[in-house]
Amino acid sequence: KDVPHRPGPRPPLRRAASMAAAEPVSAVGPPSSTEMAASTEAVGEAAPSESQAEGEGRLHVSSDKFKRVPPGILKQWLEKTSPVPLEEVFKTHQGGFAFVTVKAEDVKEFTDVLGSAKFRGAEVVVKKSLPRKGGDENGRRERDGDGGDGPPMKRKKLKEFKEGYVPTLKDLKDREKLRKREVEASIMQKSAPLFEWPYETQLEMKSTYVKSAVRSFTKQLKACCEDTGLELPGFLTSEWSIAAKAPLHACCPLESAIGTPPESQKGYRNKCEFTIGLTESGDVECGFVLRVTGKGYHVIGSAGESPLTPEPMKRLCEVIAALVKDSPFAVFNRQREQREGVWRLAMARLSPTGEMLVLIQIASPGSDEKLQQVRESIVKAVTSASLNVVSLYLQINDGFTDAAPADAPLHLIHGNAKLQVPLLGLKFEIGPQSFLQSNTATCALLYGKVLEWLRPENSVVLDVCCGVGTIGLCAAARCKRVIGLELIEEAVESARRNAALNNIENATYFAGRAEETLPAILRELEEDVDICAVVDPPRPGLHKSVLEALRGCSRVSRIVYVSCNPESLAEDVQKLSLPRECAESFVPVRAVAVDMFPHTLHVEMILLLERESRVSDPRTSGGAAAPVPASGNKVEKPVEEPGQKPAEVVKPTIEP
């Protein structure tokens with residue numbers, strides 16, 4: 001998702017601090033190529049390094065069955081299998097190995113125990129971890145052309161597909177990882193890597209990718225039951241899958257993918273960020289980063305080359321480039337140990353009405369007089385260009401990266417504070433830092449499917465990670481009450497204003513981390529009220545405390561999960577659906593792929609989860625698993641156009 005100012009509830013992926021080769025200590029069989037591999041992107045604890053304290057043993061633990069196992073699950077298995085206390089455990093999500101640190105005196109015992117153990121029936125190999133030769137103190141090697149005395153990293157050959165072969169989305173994702181380092185890759189290739197494929201083929205690729213995600217969390221749930229000795233629940237059996245008409249090895253059926261309408265498949269982005277910099281030839285450009293050199297120099301390509309950028313934004317980039325070219329202030333230099341200059345980036349939001357909100361980010365020019373000069377030049381250039389800009393902001397960012405900190409100064413220098421966007425019969429005010437789905441046309445289709453599955457009639461709707469309140473307010477006319485939770489204060493204020501703008505009185509919004517506010521809100525609600533939740537988290541997924549609160553509240557009968565990252569979704573489904581004595585599990589009922597981003601490798605996924613006691617067993621009902629309606633709720637009620645006022649107004653009892 002395009003959420004530069006919306007931090008997720010979990011820490012971001014971190015770079016591994018060590019790339020290690022392996023020296024045998026006690027192996028059960030020869031090492032595979034996977035066991036000798038290393039990765040630079042990791043989820044979990046910090047990687048081991050040469051600077052670790054003396055008296056610790058760093059071990060390389062691998063197994064063919066470690067691949068795609070979440071780091072937390074592997075750590076639990078290691079703690080259960082070996083009596084040796086673990087100092088650190090580091091594992092990539094995809095990798096078939098982990099780095100484990102134990103005390104020096106425990107190395108032999110740990111090696112002996114793990115060497116005779118099996119993980120899901122596969123042998124486990126334990127080796128001593130050593131820094132890779134030719135790297136820095138943490139084992140990292142320099143890339144080609146970056147300098148350094150060590151040998152360069154090997155550059156993998158870009159994969160080409162045979163004529164007539166239709167690759168999977170995973171094939172293309174792997175290819176794009178290599179293409180990111182290729183100098184000759186164009187803005188078209190980087191921004192729209194699927195543009196060469198017919199749109200029907202793109203939809204098929206994305207539907208298959210979501211199907212793989214469903215199979216992934218089905219497999220993970222089965223493996224967790226096996227590892228912990230739990231009885232396999234009915235919805236994970238092959239008989240259930242067959243009766244529910246689900247894909248092979250998937251626990252729930254998939255609906256046909258929701259695509260973007262033909263008229264909205266190009267120039268569909270309602271928000272874009274453009275970097276201000278220099279082209280390969282040294283000319284000023286406002287566009288997209290073509291590549292970054294080893295020293296941090298950004299080479300910029302034209303925004304006009306991307307089929308995702310709307311025409312008004314392309315014209316804006318031309319105006320900004322001309323402004324910067326004639327300005328006495330330099331482009332911000334992003335090279336290491338430079339960090340000087342003024343002009344950094346431009347951000348634009350476009351409403352279906354044609355109105356635009358623009359934010360220009362600069363570094364401090366040095367004095368109030370120079371700052372005023374910059375402000376006046378921006379206002380004059382933008383307002384005289386007939387771009388229909390109704391809101392213009394200036395942001396000051398003196399940080400190392402263009403991702404401004406939350407407290408970066410932000411000034412409205414022209415026009416209105418908000419941009420108004422129509423959606424599903426309602427009007428929404430959007431600020432420069434608010435989150436809104438970047439494809440307005442497909443967003444309406446996504447919300448329609450969410451409301452269809454949510455069935456909010458006679459229920460309280462929890463809108464977790466609500467942004468400016470779009471989903472909840474669209475449901476307000478059909479439910480008793482809406483409670484929205486959002487981290488960003490500006491978005492919460494926008495949600496409250498949007499409720500007032502649409503005369504909606506049964507919606508309450510809270511600012512703060514959902515894991516801190518949700519448990520208290522659930523405790524305050526009436527005992528007999530039915531609760532349904534819609535969650536739309538950023539890429540890392542939901543915080544474990546939010547998952548625990550949702551699962552632990554028995555009145556939450558169903559969850560509609562909107563995900564932009566099927567991998568984090570799989571981990572969250574595992575926490576919601578794994579059988580436990582203390583809380584009834586949720587059952588995945590149905591899923592669907594939503595192509596919010598045509599011509600790109602990204603795909604949205606919607607998943608409906610219902611409490612196990614509310615789902616009819618397809619093995620006995622003779623059809624697909626279906627939710628059992630709660631009192632007063634109708635299943636699969638057609639989506640109605642939200643009105644200006646709710647059918648029933650319930651005054652909030654909790655002070656926001």
Side-chain angles (χ1 to χ4, degrees), residues 1-3 8-10 68 70 93 168-170 172-173 194 199 202-221 235 241 244 246-260 435-439 441-454 463-465 467 470-471 532-542 546-547 550 558-577 586-610 624-625:
K1 283 185 184 177
D2 191 1
V3 199
R10 294 179 184 170
R68 304 184 71 86
H93 185 85
T168 65
L169 208 60
K170 184 180 183 305
L172 294 170
K173 282 176 178 282
L194 298 186
Y199 188 64
Q202 295 182 32
L203 271 185
E204 184 180 345
M205 291 177 182
K206 295 183 179 184
S207 185
T208 300
Y209 190 76
V210 168
K211 185 192 302 181
S212 298
V214 175
R215 285 172 171 158
S216 176
F217 66 66
T218 302
K219 182 178 179 180
Q220 287 183 25
L221 283 167
F235 71 90
S241 177
L248 184 66
H249 304 309
C251 65
C252 69
L254 273 74
E255 294 189 0
S256 299
I258 299 173
T260 294
F435 170 76
L436 181 71
Q437 295 285 359
S438 58
N439 184 336
T442 313
C443 178
L445 301 177
L446 182 145
Y447 287 178
K449 180 59 68 175
V450 168
L451 294 180
E452 176 187 337
W453 288 4
L454 193 63
D463 189 359
V464 182
C465 305
T470 47
I471 297 179
C532 56
V534 55
V535 298
D536 187 8
R539 292 191 64 81
L542 289 171
V546 176
L547 295 166
L550 290 172
R558 57 198 171 279
I559 300 173
V560 177
Y561 196 127
V562 182
S563 173
C564 61
N565 184 6
E567 290 185 4
S568 64
L569 169 71
E571 296 183 32
D572 289 351
V573 170
Q574 184 174 301
K575 294 180 177 69
L576 290 169
S577 301
F586 284 92
V587 175
V589 175
R590 60 177 67 95
V592 66
V594 182
D595 186 19
M596 190 72 69
F597 314 101
H599 315 305
T600 76
L601 300 174
H602 304 293
V603 59
E604 295 273 322
M605 175 180 176
I606 310 176
L607 179 68
L608 170 64
L609 299 111
E610 297 264 354

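Values reported hereafter were calculated over all heavy atoms of this structure, with side chains retained and with hydrogens, waters and symmetry mates removed. All residue numbers in this chain count up from 1 along the given sequence. A quick note: this is a predicted structure, and the numbers were derived from the prediction, not measured.
Proximity of a side-chain donor or acceptor of Ser577 to a complementary backbone N or O of Phe586 within less than 3.5 Å is detected. Arg558 places no side-chain N or O within 3.5 Å of a backbone atom of Leu608 that could act as its donor or acceptor partner. In this structure, the side chain of Arg590 does not engage the main chain of Cys252 through any donor-acceptor pair within 3.5 Å. At distances below 3.5 Å, at least one donor-acceptor pair connects side-chain atoms of Asn439 with backbone N or O atoms of Met596. A distance-only check finds no donor-acceptor pair linking the side chain of Glu571 to the backbone of Pro70 [under 3.5 Å]. Remark: side-chain polar atoms of Asp572 are not paired, donor with acceptor, to backbone N or O of Gly541 under 3.5 angstrom. With hydrogens and angles disregarded, no donor-acceptor distance shorter than 3.5 Å links the side chain of Lys206 to the backbone of Val594. Formation of a donor-acceptor pair under 3.5 Å by the Ser563 side chain with backbone atoms of Met605 is not found in this model. Without hydrogens or angle criteria, Thr260 side chain to Asp595 main chain gives a donor-acceptor distance under 3.5 Å. For the pair Ser216 (side chain) and Ser212 (backbone), a donor-acceptor distance under 3.5 Å is absent.
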Side chain to side chain contact (heavy atoms under 4.5 Å, CB included) between Ile258 and Val592, worked out: CA-CA 7 Å; Ile258 299 173; Val592 66; 4.2 Å; yes
Derivation of the side chain to side chain contact (heavy atoms under 4.5 Å, CB included) call for Met205 and Leu601: CA-CA 9 Å; Met205 291 177 182; Leu601 300 174; over 6 Å; no
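Rounding to the nearest 0.5 Å gives a distance of 8.0 Å between OG1 of Thr470 and CZ of Phe435. Taken from CG in Leu576 to CD in Gln574, the straight-line distance is 10.5 Å, to the nearest 0.5 Å. If you take CG on Leu607 and CG on Leu569, they are separated by 5.5 Å, rounding to the nearest 0.5 Å. Expressed to the nearest 0.5 Å, how far OG1 of Thr600 lies from CG of Leu169 amounts to 8.5 Å. A distance of 8.5 Å separates CG in Leu542 from OG in Ser568, rounded to the nearest 0.5 Å. In this structure, CG on Leu194 lies 6.0 Å from CG on Leu172, to the nearest 0.5 angstrom.
Of all the heavy atoms in Val210 and Glu604, the pair that sits closest is CG2-O, 4.4 Å. Minimum heavy-atom separation, Ala257 to Leu203: CB-CD2, 4.1 Å. Across Lys575 and Leu547, no two heavy atoms sit closer than the pair CD-CD1, 3.4 Å. Taking both residues in full, the closest heavy atoms of Cys564 and Pro537 are given as SG-O, 4.3 Å, listed atom of the first, atom of the second, then distance. Of all heavy-atom pairs between Ala593 and Val603, the closest is CB-CG2, 4.1 Å. Residues Cys251 and Phe235 share a closest heavy-atom pair of CB-O, 3.3 Å.
Using a 4.5 Å heavy-atom threshold, the side chains of Leu550 and Val535 count as touching. Within the 4.5 Å cutoff, the side chain of Val214 has no heavy atoms near those of the Pro247 side chain.
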